[in-house]
Amino acid sequence: MGFSSITHWLIVLLIVFLIFGTSKLRNIGSDLGAAIKNFKDAVKNENTPKNRASTRKTAKTRARK
């Protein structure tokens, strides 16, 4: 008895749908997608040379204090 059977996963999925409903699951999916997009944008902005220079200046300023 394990969770490798498809019937077990269907039962778990049915219980999740009953507990959360389809609208909340849809919102969770869109929120997760937006979070991933924002994370990628933040990483992309962090790697640009302009932001690296400003980050270094901020770090030096903090080190002096």
Problem set entry | Any residue meeting side chain to side chain donor-acceptor pair (under 3.5 Å) with Ser23, in chain and number order, not counting sequence neighbours | none
Exercise. Roughly how far, to the nearest 0.5 Å, is CG of Asn38 from CG of Asn45?
Worked result: 10.5 Å
Exercise. What is the distance from atom CD1 of Ile19 to atom CG of Leu14, rounded to the nearest 0.5 Å?
Worked result: 10.0 Å
Problem set entry | Interatomic spacing from CG in Leu13 to CG in Leu18 - rounded to 0.5 Å | 9.5 Å
Problem set entry | Pairwise distance CG(Leu10) to CD1(Ile15) - rounded to 0.5 angstrom | 11.0 Å
